[in-house]
Student: 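Below you will find the structure I want to go over with you.
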Number of protein chains: 2
Amino acid sequence: MPSSPGSSSPSTDRQTDKRRDDAARAAWLYFIGGRTQDEIATQLDLSRQAVQRLVALAVSEKLIKFRLDHPIASCTELAASLAERHGLAFCDVTPSDPAAPGSTSGIAVAAAVRLQRLLASKAPMIVCVGTGRTLRAAVEELDTLDRPQHKVVSLVGAMAAGGQASPYDVVMRLGDKVAAQRYPMPAPVLTETVADREALQSQRAFTVLRELRDQARASFVGISEIGWQAPIQSDGFMTDSDISALIEAGAVGEITGWAFDAEGRPLDSPVNRRVASLPLEIPPQRLTVVVGGGPQKVAPLKAALRGKLMSALITDEATAKALVDQPGDIR
Amino acid sequence: MPSSPGSSSPSTDRQTDKRRDDAARAAWLYFIGGRTQDEIATQLDLSRQAVQRLVALAVSEKLIKFRLDHPIASCTELAASLAERHGLAFCDVTPSDPAAPGSTSGIAVAAAVRLQRLLASKAPMIVCVGTGRTLRAAVEELDTLDRPQHKVVSLVGAMAAGGQASPYDVVMRLGDKVAAQRYPMPAPVLTETVADREALQSQRAFTVLRELRDQARASFVGISEIGWQAPIQSDGFMTDSDISALIEAGAVGEITGWAFDAEGRPLDSPVNRRVASLPLEIPPQRLTVVVGGGPQKVAPLKAALRGKLMSALITDEATAKALVDQPGDIR
DNA sequence: CAGAAGACCGATCATATGCTCAATAACAGA
DNA sequence: TCTGTTATTGAGCATATGATCGGTCTTCTG
C-alpha cells in the first residue's frame, strides 16, 4: 500500500481533477445510465478496465452515493419504540450488516442524511460536532454544499496528548465539505491538570466557542465505551491511568470526553474535572444527536439514554434491538 | 410480459410489503454494505438468484438511489454559461449518455434533487407542476417525504380528449410521494371551443388553482416541440388539425400547452385561445423551472430562453452544448 | 544524462452477476 | 376437488466485473 500517493507529483492537482471528472462521468453512466463498463469504455474511448478503475474510484471516493429510501419495517419499529420510550425527537435505525457488526457505514450514511437535511437550509445556522470515527465517516458521506453562512463548532478538542491532531477530527472536514466557517477547539480532550483546564477555558477562543454553542441549532456527537480497548485510549486521548481511574469510578461510557456511569450521570471524578470539552448540556431547544452503534456501544448508549444525555439517536438495527430488548439491564 | 401482476391476488399488499422490505434490505447490504450477492444470500437464507432478483427489484423500484456528487467540469461550465447569458436563477446540467441521446433519466434525477431540496423544507409551501414524461420520471426519483403542510398544484390538465387520464400525470404522484395536498386540474389541455374554455375557467376549482399558483414558491414544467411526432400529439392532447394550425402559425414548442414561436412569444393563435392551462407568467418571485432535454427539445428551449419563459433550467450536457453553441440560430 | 522507483496500463484469469428456461408451487374458476 | 393458468423458483449458462501480474512510461534523483 503506497503511503503518500498525492504528494509525490507537483502537477497532481490538475491530473487528479481530470481523473475525478472522468470517474464521475463513468460512474454516472454506470449507475444512473445503467450502461455496462464495456459500453462506457467505447463511449469514453478507454479500455474496459480503465472504466472499471474509474467506477471503483468514484465509489471509494464517494463521488457517487447510494441512498436507501424505504422504511424497512423492523428498523422503523425499533426506531419508534426507542423514540417513544426515551422521549427522543427522532431516532434513525439503519439495517445492520450481520457479517460486520462493528461496521459504521450504515450509521454514517444515516447521520449524513440528517446533517445534510439540516445544513441544506440557507438560513445561517450553527451546528456543533464532537469527534470520532463514525462522525468522521458521516461527514465523508455528505454531499458538498456551499454554505458560508453556516458555522460549525467543535465541542471537543481533537488533539491527543502528544499534540498531534487526530485523523478523526470532524469540524475541519465538515467545514470543508459545506464551505462553512469552522471553529475547531484548540485543546486536548483531557488537560494535564485541573489548573491547565481552567487556564485553557478562560481563553478568548473558549468564550467564543461557548457563545456559539449556546446558539447552536444542533449537536452531533459520538459515543464510546470506557475500557482498555476503547478508541479513546488507543487513540491516545486518555492515558492508562485515566482509564483505570474512570473504570474504578464506575464509568461505562463517554460523550465528548465526559465520562458517565451506568445511570448516565456524569461522573464526579478527578478525570472529568480535566475534561476540556464544552459541558454536556441538553437544552430542549438544541437537538443533541448521538451517533453510534456496535456491540461495545450498547452499554454506553443504554446509560446515556437513561441519563437523558441525548435528544435524538442514530444507530443500527442490532444495537437498537439490544437497547429495546434489555433496556434495564445494568452491567 | 404479464399485463397486470398486482391485481390478480387479493393478498398482494402484505406480500408486496414484505417483498419490498426484503428488497430494500438486500439492496442495502449490496450497495451500502458492499457485500456480494452470495454473502447476502447466506445471511438472509435465500438462494443467490433470489437475492439478485431482490436487488434488481430495489433498483427498478428505486428503493435505492444513486446520486452523483461531483461537479463535472464541462457540465458546470455549460450551466454557468447558460445561467449567465439568460439571467437564470440556476441551471443544472447533467452528463448525457451518448448512446441514448433522448434518455431523460439523468435530467430526472437532477430535477428530483432540486425538488427534494425545496420540498424538504417544513415551512408550508406551494409548488406548481406541469406534466410530461420527464417530470413524471423526476417525481419517481424523489425520496418519500411527509409534508402534509405543502400543496402541489397542477398548471395543466392531464386529460386527453377522450377523457382518460394521462399516465404522465404528475401532481397526483408527487402528492403521494411527499404526502402533500394535491390540486389536480380537472380539464383537458385543449378544450373543444373557446366558450368551453371560458366555462371551465370560471369554475370554482379554477379560481382556487389560480390563487394557489399566485402564492407558489416554484413551478416545475416540461417543454415539448410542436410537430407530427411530438408527444403532445401522440398522447392525444392535441388533434392533427391543432398541430397543423400551430405549425402554420410558426410554433416551435409548448410549455403547459401554450405554444410559442421561435422568439419565445406565445402565439396569438386560435388554438392557444383554447388552452385550459393557467397562463404562462414568470413573476420574479416565483421560480419557473423548465425541465427537459434531448435533440427535439433544443429548438423549443432556445425559443423559450429568448422569450424569457423560464427562470431556471435543468437539462443535459448535449442539449446544453447545443444551446450554448448556436444560441442565435433560428429555424 | 543515467538509473531507479513508482505509477499506470492492459492482458489474463477467477469470480460475481444477470438471463433463460424448465420445473414447481400457488391460485382462480368450475 | 379438479384443472388450467400464472407466478415463482432454482439450475445452468453467458456475460460482466474485479483482481493480479508483468511490462511500460514517467518522473525524480544522483
Side-chain angles (χ1 to χ4, degrees), chain A residues 1-64 66 97-100 105, chain B residues 1-64 66 97-100 105:
Chain A
M1 201 176 291
S3 53
S4 61
S7 56
S8 52
S9 151
S11 68
T12 298
D13 273 2
R14 171 151 285 165
Q15 293 274 343
T16 291
D17 276 5
K18 170 85 172 90
R19 195 168 168 71
R20 288 169 67 93
D21 234 66
D22 287 349
R25 192 176 286 273
W28 190 93
L29 289 165
Y30 188 62
F31 289 108
I32 298 175
R35 324 256 97 205
T36 117
Q37 298 184 350
D38 256 321
E39 294 173 294
I40 299 167
T42 312
Q43 287 173 19
L44 265 51
D45 197 30
L46 295 165
S47 71
R48 194 200 43 90
Q49 42 292 50
V51 172
Q52 197 275 327
R53 278 173 188 131
L54 288 174
V55 171
L57 177 72
V59 171
S60 71
E61 297 273 314
K62 303 193 199 300
L63 306 182
I64 190 94
F66 310 113
D97 183 343
S105 64
Chain B
M1 199 176 290
S3 52
S4 60
S7 56
S8 52
S9 150
S11 68
T12 298
D13 273 4
R14 172 152 285 167
Q15 293 273 344
T16 291
D17 277 4
K18 170 85 171 87
R19 193 167 169 73
R20 288 169 68 93
D21 233 67
D22 286 350
R25 192 174 286 272
W28 190 95
L29 289 165
Y30 188 62
F31 289 109
I32 298 175
R35 324 257 94 202
T36 118
Q37 298 184 352
D38 256 321
E39 294 173 294
I40 299 167
T42 312
Q43 288 173 18
L44 266 49
D45 197 31
L46 295 166
S47 73
R48 192 197 47 86
Q49 43 287 59
V51 172
Q52 196 275 327
R53 279 172 188 130
L54 288 175
V55 172
L57 178 72
V59 171
S60 72
E61 298 272 315
K62 304 192 196 302
L63 306 182
I64 189 94
F66 310 114
D97 184 344
S105 63

Student: Using whole Å, what does the distance between atom C1' of nucleotide dC13(C) and atom CZ of R48(A) come to?
Tutor: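 Spelled out: CZ on R48(A) to C1' on dC13(C) is 11 Å.
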
Student: How long is the line joining CG of L46(B) and C1' of dT9(D), in whole Å?
Tutor: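 Those two atoms, CG and C1', are 11 Å apart.
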
Student: Assert yes or no for the condition that the ring centre distance of F66(B) to Y30(A) is strictly below 6.0 Å.
Tutor: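 No; Y30(A) has its ring centre 6.0 Å or more from that of F66(B).
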
Student: In this structure, how many angstroms lie between the C1' atom of dC8(C) and the CG atom of L57(A), rounded?
Tutor: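 Distance check: L57(A) CG to dC8(C) C1' gives 13 Å.
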
Student: I need the single residue from R20(A), K18(A), R19(A) that forms a salt bridge (Lys or Arg N to Asp or Glu O under 4.0 Å) with D22(A). Which is it?
Tutor: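 Single salt bridge (Lys or Arg N to Asp or Glu O under 4.0 Å) partner of D22(A) among R20(A), K18(A), R19(A): K18(A).
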
Student: For R53(A) and dT17(D), give me the distance from atom CZ to atom C1', rounded to whole Å.
Tutor: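 Atom-to-atom, R53(A) to dT17(D), this comes out as 12 Å.
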
Student: On a plain distance test, is the side chain of Q49(A) in donor-acceptor contact with the base of dA11(C) below 3.5 Å?
Tutor: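 Pair found.
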
Student: Less than 4.0 angstrom from a charged side-chain N to a carboxylate O is my criterion; do D21(B) and R25(B) meet it?
Tutor: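 No, D21(B) and R25(B) are not salt-bridged.
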
Student: Quick check on dG10(D): is either OP1 or OP2 less than 4.0 Å from any side-chain nitrogen or oxygen of S47(B)?
Tutor: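 Yes, because at least one side-chain N or O of S47(B) sits under 4.0 Å from OP1 or OP2 of dG10(D).
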
Student: Quick check on dT17(C): is either OP1 or OP2 less than 4.0 Å from any side-chain nitrogen or oxygen of Q52(B)?
Tutor: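 No, outside the criterion.
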
Student: Do any of residues 25-39 of chain B sit with a heavy atom less than 4.0 Å from DNA chain D, and if so which?
Tutor: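 Result for residues 25-39 of chain B: none.
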
Student: I need the CZ-C1' distance between R19(B) and dT8(D), as an integer number of Å.
Tutor: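 One finds 8 Å between C1' of dT8(D) and CZ of R19(B), rounded.
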
Student: In whole angstroms, how far is the P atom of dT17(D) from the CG atom of L54(A)?
Tutor: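 In whole Å, dT17(D) P lies 14 Å from L54(A) CG.
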
Student: Between I40(B) and L54(B), does the side-chain contact (heavy atoms from CB on, under 4.5 Å) criterion hold? Intermediate values first, please.
Tutor: CA-CA 11 Å; I40(B) 299 167; L54(B) 288 175; over 6 Å; no

Student: Just the rounded figure in Å: distance from C1' of dT9(D) to CG of D22(B).
Tutor: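 The distance from CG of D22(B) to C1' of dT9(D) comes to 15 Å, rounded to the nearest Å.
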
Student: Search all heavy atoms of A27(A) against all heavy atoms of A58(A) and return the closest pair with its distance.
Tutor: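 Heavy atoms of A27(A) and A58(A) come nearest at CB-CB, 3.5 Å.
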
Student: Could you measure the distance from the CZ atom of R53(A) to the CG atom of L57(A)? Nearest 0.5 Å is fine.
Tutor: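 Answer rounded to 0.5 Å: 11.5 Å.
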
